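Here the structure is laid out as structure tokens; the discussion comes afterwards.
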Amino acid sequence: MFQRLFGRERRANRAITDALYGQIVAAARQETFYSDWQVPDTPLGRFEMLSLVMLLFQHRLRGEGGPAREVAQVLIDEFFTDVEHSLRELGISDPGVPKRMKRLAKMFYGRTAAYSDALDQADAGALAAALARNVRPDTAEWAQATELAAYAFRVEKELAAQPVADICAGRMAFPAASRGGGDAA
């Protein structure tokens, strides 16, 4: 029992978590988002993109049982641990972290609801509007929101084609973002 709790299984689970979260972060940090699609390359802009990609990952595992449900929860926990760590790296003091974490969690779950509704209804216009409202609230017209929404639908489709067993084993791939709506890999 000790070996199972503290030995190989725990290291294997950590490796899977690290692999999946690494893929999520890499997908959220694609240069196209920040250079071509004008997502602000700021801590908040990076949070927005990480939130979107995390939502797409969670959306893929939604409704799956067993290990997939556990993987989904572990990755959400990892996401919020990473966000908290980032706040501390930005110099937020210990007393300020819980308040900011509460605000960021509320933002994440609000976005999750809006983006999920648009994905479930296959409504690219609604998704683009929600993305524009959240990612570029300071901009009246953000034309690249349409490209980002098209990319999100592409990610949803490509993740749906990946077997849940592969994902739970740490093998998952996100498509590359590219100009022109994210249609090219």
Side-chain angles (χ1 to χ4, degrees), residues 3-34 37 39 41 43-90 101 104-120 127 130-131 134-135 148-178 182 184-185:
Q3 187 163 2
R4 195 175 92 195
L5 291 175
F6 300 107
R8 286 178 281 171
E9 187 173 312
R10 187 173 184 177
R11 283 192 304 273
N13 290 343
R14 185 74 239 171
I16 290 168
T17 300
D18 290 347
L20 291 173
Y21 195 69
Q23 285 289 325
I24 291 167
V25 170
R29 290 294 295 147
Q30 292 181 71
E31 186 177 332
T32 298
F33 299 142
Y34 305 94
W37 294 350
V39 171
D41 194 5
L44 193 53
R46 291 188 295 271
F47 171 80
E48 292 293 347
M49 292 311 302
L50 187 55
S51 295
L52 174 62
V53 176
M54 178 57 71
L55 161 77
L56 293 166
F57 173 79
Q58 294 291 320
H59 201 261
R60 167 58 182 97
L61 294 183
R62 183 179 65 180
E64 299 285 348
R69 179 175 288 167
E70 293 173 33
V71 167
Q73 183 59 55
V74 167
L75 268 288
I76 280 291
D77 295 345
E78 188 72 15
F79 168 73
F80 282 111
T81 297
D82 187 32
V83 169
E84 180 178 346
H85 178 54
S86 295
L87 288 174
R88 292 179 191 285
E89 282 185 342
L90 288 169
M101 284 299 299
L104 290 170
K106 184 177 178 181
M107 289 169 59
F108 174 77
Y109 287 112
R111 283 147 179 74
T112 297
Y115 300 164
S116 289
D117 286 347
L119 289 167
D120 290 343
L127 182 57
L131 288 165
N134 294 314
V135 176
L148 185 54
Y151 175 75
F153 279 104
R154 182 167 169 237
V155 170
E156 179 188 39
K157 181 179 178 181
E158 290 195 22
L159 288 180
Q162 297 177 38
V164 73
D166 286 354
I167 294 171
C168 289
R171 296 182 302 272
M172 171 182 64
F174 286 89
S178 61

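All of these numbers come straight from a predicted model, not from anything done at the bench.
- Here the CG atom belonging to L52 is positioned 10.0 Å from the CG atom belonging to N134, to the nearest 0.5 angstrom.
- Checked by atom type and distance alone, the side chain of Q30 pairs as donor or acceptor with a backbone atom of A27 at under 3.5 Å.
- In this structure, T112 and Q58 have side chains that are not in contact, with every pair of non-hydrogen atoms separated by 4.5 Å or more.
- L104 approaches F47 most closely through the heavy-atom pair O-CZ, 3.5 Å.
- For F108, the ring-ring contact (aromatic ring centres under 6.0 Å, His included) partners two or more places apart in sequence, or in a different chain, are F79, F80.
- The shortest non-hydrogen separation linking L127 to A152 is CD2-CB, 3.7 Å.
- At a threshold of 4.5 Å between non-hydrogen side-chain atoms, the residues R62 and D120 count as touching.
- Residues V25 and E78 form no side-chain contact, since every pair of their non-hydrogen atoms from C-beta on lies 4.5 Å or further apart.
- Listed here is the closest heavy atom pair of G170 and A19: O-CB, 3.7 Å.
- Under the rule for a side-chain contact (heavy atoms from CB on, under 4.5 Å), the partners of D166 that lie at least two apart in sequence or sit in another chain are P163, R171.
- Partners of E64 by salt bridge (charged side-chain N to carboxylate O under 4.0 Å, His left out), not counting sequence neighbours, listed by chain and number: R60.
- Among residue pairs with one or both ends in residues 13-33, those qualifying as ring-ring contact (aromatic ring centres under 6.0 Å, His included) are F33-W37, F33-Y151; sequence neighbours excluded.
- The CE atom of M54 sits 4.0 Å away from the CD1 atom of I24 when rounded to the nearest 0.5 Å.
- Taking the side chain as every heavy atom from C-beta outward, H59 and S116 approach each other to under 4.5 Å.
- Using a 4.5 Å heavy-atom cutoff, the side chains of L119 and L55 are in contact.
- Scored by the ring-ring contact (aromatic ring centres under 6.0 Å, His included) test, F57 finds no partners at all (sequence neighbours excluded).
- Side-chain atoms of V155 and V53, non-hydrogen and from C-beta on, never get closer than 4.5 Å to each other.
- Q162 places a side-chain N or O within 3.5 Å of a backbone atom of A173 that can act as its donor or acceptor partner.
- In this view, E31 satisfies the side chain to side chain donor-acceptor pair (under 3.5 Å) rule with no residue, not counting sequence neighbours.
- Separating the CG atom in L61 from the SG atom in C168 is a distance of 6.0 Å, to the nearest 0.5 Å.
- Judged as a salt bridge (Lys or Arg N to Asp or Glu O under 4.0 Å), the pairs with a partner in residues 44-59 (not counting sequence neighbours) are, in order, D41-R46, E48-R111.
- L131 has its side chain within reach of Y115: a pair of non-hydrogen atoms, C-beta onward, lies under 4.5 Å apart.
- Counting all heavy atoms, side chain and backbone alike, G45 lies closest to Y34 at O-OH, 4.2 Å.
- With sequence neighbours excluded, no residue satisfies side chain to side chain donor-acceptor pair (under 3.5 Å) with Q23.
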For residues 67-75, tabulate all N or O donor-acceptor pairs below 3.5 Å that involve a side-chain atom, not counting sequence neighbours.
residue	atom	partner	partner atom	Å
Q73	NE2	D77	OD1	2.8

